[in-house]
**Q** 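Input: one structure, supplied below.
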Amino acid sequence: MVSQREVKDTGIIDEPQIFELLEEARTASKEQALEIVEKAKSFSGLSLEELAILLQSNAPEVREAIFETARAVKERVYGTRMVFFAPLYVSNACVNNCLYCGFRKDNKELKRRVLSMEEIEKEIKILLDQGHKRILLVAGEHPKLNNIDYVVQAVNTIYQTSSGNASIRRVNVNCAPLSIEEYRRLKESNIGTYQLFQETYHNETYRRMHPSGPKALYGWRIEAPSRAMEAGIDDVGIGPLFGLFDWKFEVMATLMHAQYLDGKYGVGPHTISVPRLEPALNAPVAMNPPFQITDDDMKMIVATLRLAVPYTGIILSTRERPEFRDQLFAFGVSQTSAGSRTSPGGYSDAEAHKPDAEQFSIGDTRDLAELTCQMCREGYIPSFCTACYRSHRTGGNFMKLAKHGEIHKMCEPNALLSFKEYLIDYADAQTRVEGEKILAERLAKLSPNMRKKTEALLAEIETGKRDVYI
Ligand code: SAM
Ligand code: SF4
């Protein structure tokens with residue numbers, strides 16, 4: 001019998017078709033491209049052919065139209081909300097040798113650390129005291145030190161930890177591919193999204209980047225989100241690591257992967273992440289990326305994805321530097337991390353937060369307090385909302401509501417409610433002033449019924465009630 005791990009070419013990504021579509025799109029006219037952008041205003045997404053034409057258009061007029069429409073789509077589907085989370089690196093032990101990652105096995109200078117449950121608790125208390133409610137658990141791949149037993153125990157510990165009356169309300173997980181049985185255990189531990197990046201969808205590049213260890217198996221990895229869905233995890237996150245191969249190919253392949261999941265399970269990925277390669281200790285490819293991704297490329301990546309899959313969340317991490325991150329937010333990013341540490345123990349232990357323990361270096365070092373204040377000034381509503389997950393509005397249920405515009409009606413008040421909690425419990429005086437101002441502005445824009453309902457819940461929060469949502 002063929003073991004699950006021997007799965008090779010799964011047929012999910014049709015490389016020749018992607019190259020062909022990109023080649024054909026070179027001859028598309030400016031008018032054709034503008035027509036596609038016009039069509040995207042109806043939130044119907046893009047086909048692969050249409051996406052290829054937008055990716056290949058260099059005319060400033062077309063690019064401007066893409067950016068403007070992406071801004072409008074983002075505004076309409078996500079309003080001015082920005083959901084915040086904090087990554088929690090629990091272990092940097094790894095048996096793989098990915099050429100771009102500081103955690104690779106051959107990096108002998110890296111201080112390896114697998115957090116104990118007590119240490120995880122300590123880290124979580126710090127994040128809770130900053131106001132975080134959503135955690136992304138991240139781990140290297142090690143069959144003994146951080147296997148499924150360890151990950152499940154870590155998830156349980158995160159949920160069980162509290163500080164005052166606060167606790168983490170949603171734990172998402174980014175760990176190595178698992179078997180269906182193992183995904184079932186992850187699901188039982190009540191995780192939110194299972195996230196896994198394919199790194200590069202280009203098979204040959206993938207093979208070069210992953211010379212040894214279990215990650216060398218392309219097929220085992222690309223089938224992982226499908227296995228997770230089969231195990232009942234209905235929110236999965238995907239994404240390439242930009243810089244390993246041609247970004248246009250990767251964006252096309254990401255849409256192909258999303259379409260595959262949608263076709264097979266009736267729901268596409270819940271989120272797409274857009275990490276760009278960052279420098280990392282003793283990681284040859286990270287220090288010298290094979291494909292330079294410019295800021296303009298990043299803008300096109302976010303904007304075209306926003307048009308291609310309007311209802312899929314786009315996640316940007318702290319990898320990007322502040323002034324540029326703010327620009328990408330406007331084009332379609334709906335979730336972001338703040339004050340991140342990419343080393344196990346990095347929040348509670350200053351020693352751990354050093355290059356010889358980190359996965360890669362971070363471009364935006366602003367902490368959550370600084371970022372929330374800044375975002376309020378720019379007219380955003382920082383959101384810590386976990387209402388959908390807590391009300392079982394996940395997977396297909398979520399998408400159905402999103403596509404009918406219903407989710408927007410609930411997200412806006414829920415974001416306001418979660419932000420109100422943050423303002424009362426964690427914000428400094430200045431943020432409170434800025435925050436209350438924007439809160440009042442957004443409240444005034446709700447429908448009369450929803451405003452009344454939200455005002456009543458806001459009053460409950462003022463009297464001390466927490467975890468309030470619609
Ligand atoms: N070990 C698991 C895996 O490889 O899927 C999960 C954790 S891994 C630390 C999470 C992600 O970090 C990887 O999927 C990769 O995309 C990203 N990453 C690795 N090296 C990076 C670098 N130098 N710059 C930016 N992101 C990087
Ligand atoms: Fe290990 Fe993941 Fe880093 Fe690869 S990307 S070395 S699997 S932690």
Side-chain angles (χ1 to χ4, degrees), residues 87-108 110 112-114 136-143 145-148 150-151 154 172-178 182 186 191 193-201 205-206 208-218 220-225 227-228 236-245 250 254 271-293 298 315-321 337 340-344 346 355 357-364:
L88 179 73
Y89 280 69
V90 291
S91 165
N92 59 14
C94 195
V95 294
N96 290 310
N97 224 346
C98 313
L99 298 185
Y100 46 82
C101 180
F103 292 174
R104 60 200 296 264
K105 189 174 104 197
D106 281 359
N107 183 4
K108 304 293 180 215
L110 187 84
R112 304 279 167 181
R113 190 165 170 193
V114 180
L136 172 68
L137 181 153
V138 186
E141 178 165 14
H142 198 292
L145 298 176
N146 32 266
N147 56 17
I148 182 68
Y150 173 82
V151 173
N172 298 333
V173 171
N174 182 323
C175 72
L178 302 168
E182 289 168 329
L186 209 51
I191 66 156
T193 306
Y194 172 69
Q195 186 185 77
L196 187 75
F197 306 152
Q198 185 61 24
E199 322 295 15
T200 171
Y201 284 99
T205 307
Y206 185 94
R208 264 188 293 115
M209 295 295 156
H210 307 102
S212 61
K215 192 159 168 181
L217 301 171
Y218 179 102
W220 178 246
R221 193 167 182 92
I222 202 166
E223 284 280 16
R227 289 197 299 279
V236 300
I238 61 171
L241 175 56
F242 288 100
L244 301 180
F245 191 61
E250 303 290 13
T254 304
T271 54
I272 292 177
S273 297
V274 291
R276 171 159 61 166
L277 204 53
E278 292 295 335
L281 181 71
N282 293 327
V285 160
M287 303 320 272
N288 192 10
F291 287 78
Q292 290 296 338
I293 309 292
M298 279 306 283
I315 303 182
L316 186 74
S317 74
T318 358
R319 289 167 177 90
E320 300 297 337
R321 47 185 216 289
S337 48
S340 306
R341 300 279 190 266
T342 63
S343 48
E358 285 181 328
Q359 188 202 7
F360 54 81
S361 44
I362 274 169
D364 189 345

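These numbers were taken from a predicted model, which means no experiment stands behind them. Read the numbers this way: they start at 1 and go in the same order the structure lists the ligands and their atoms. Hydrogens, waters and symmetry mates play no part in the numbers below; they use all other heavy atoms, side chains included.
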**Q** With heavy atoms of Cys98 as the reference, note each atom of ligand 2 found under 4.0 Å away.
**A** 4 (Fe), 5 (S), 6 (S), 7 (S)
**Q** Answer yes or no for Ala139: is there a heavy-atom contact with ligand 1 below 4.0 Å?
**A** yes
**Q** Can you name the side chain to side chain contact (heavy atoms under 4.5 Å, CB included) partners of Arg112, sequence neighbours left out?
**A** Asn92, Cys94, Phe103, Asn107, Leu110
**Q** Within the stated cut-off of 2.8 Å, is an N/O/S atom of His210 closer than that to atom 4 (Fe) of ligand 2?
**A** no
**Q** If you measure from CG on Leu88 to CG on Leu136, what distance do you get to the nearest 0.5 Å?
**A** 9.0 Å
**Q** Where's the contact between Leu241 and ligand 1, heavy-atom distance under 4.0 Å: side chain, backbone, both or neither?
**A** side chain
**Q** Tell me whether Pro275 reaches ligand 1 (any heavy atom closer than 4.0 angstrom to a ligand atom).
**A** no
**Q** Report, in ascending order of atom number, the atoms of ligand 2 lying under 4.0 Å from any heavy atom of Gly140.
**A** 8 (S)
**Q** Nearest heavy-atom pair of Arg341 and Gly346: which atoms, and what distance?
**A** NE-O, 3.2 Å
**Q** Quick one: look at Lys215 and ligand 1, take heavy-atom pairs under 4.0 Å, and tell me if it's side chain, backbone, both or neither.
**A** side chain
**Q** Could you see which bit of Arg221 sits under 4.0 Å from ligand 1, with heavy atoms only: side chain, backbone, both or neither?
**A** side chain
**Q** If you measure every N/O of Tyr89 against every N/O of ligand 1, is any gap under 3.5 Å?
**A** no
**Q** Calculate, to the nearest 0.5 Å, the distance between atoms CD and CG belonging to Glu278 and Leu241 respectively.
**A** 9.5 Å
**Q** As an exercise, identify every atom of ligand 1 less than 4.0 angstrom from a heavy atom of Val138.
**A** 7 (C), 9 (C)
**Q** Is atom 3 (Fe) of ligand 2 under 2.8 Å from any N, O or S atom of Cys101?
**A** yes
**Q** Is any side-chain N of the basic residue among Arg227 and Glu182 closer than 4.0 Å to the acidic one's carboxylate O?
**A** no
**Q** How does Asn96 reach ligand 1, by side chain, by backbone, by both or by neither, if only non-hydrogen atoms under 4.0 Å count?
**A** neither
**Q** State which residues pass side-chain hydrogen bond (donor to acceptor under 3.5 Å, both in side chains) with Asn288; sequence neighbours excluded, sorted by chain then number.
**A** none
**Q** Per the side-chain contact (heavy atoms from CB on, under 4.5 Å) rule, which among Asn172, Asn174, Val151, Ile191 passes with Leu137?
**A** Val151
**Q** Show me which atoms of ligand 1 lie under 4.0 Å from any heavy atom of Leu196.
**A** 5 (O)
**Q** Using a strict cut-off of 4.0 Å, indicate which atoms of ligand 2 neighbour a heavy atom of Arg104.
**A** 6 (S)
**Q** Could you verify whether a donor N or O on one side chain and an acceptor N or O on the other, from Thr200 and Glu250, lie under 3.5 Å apart?
**A** yes
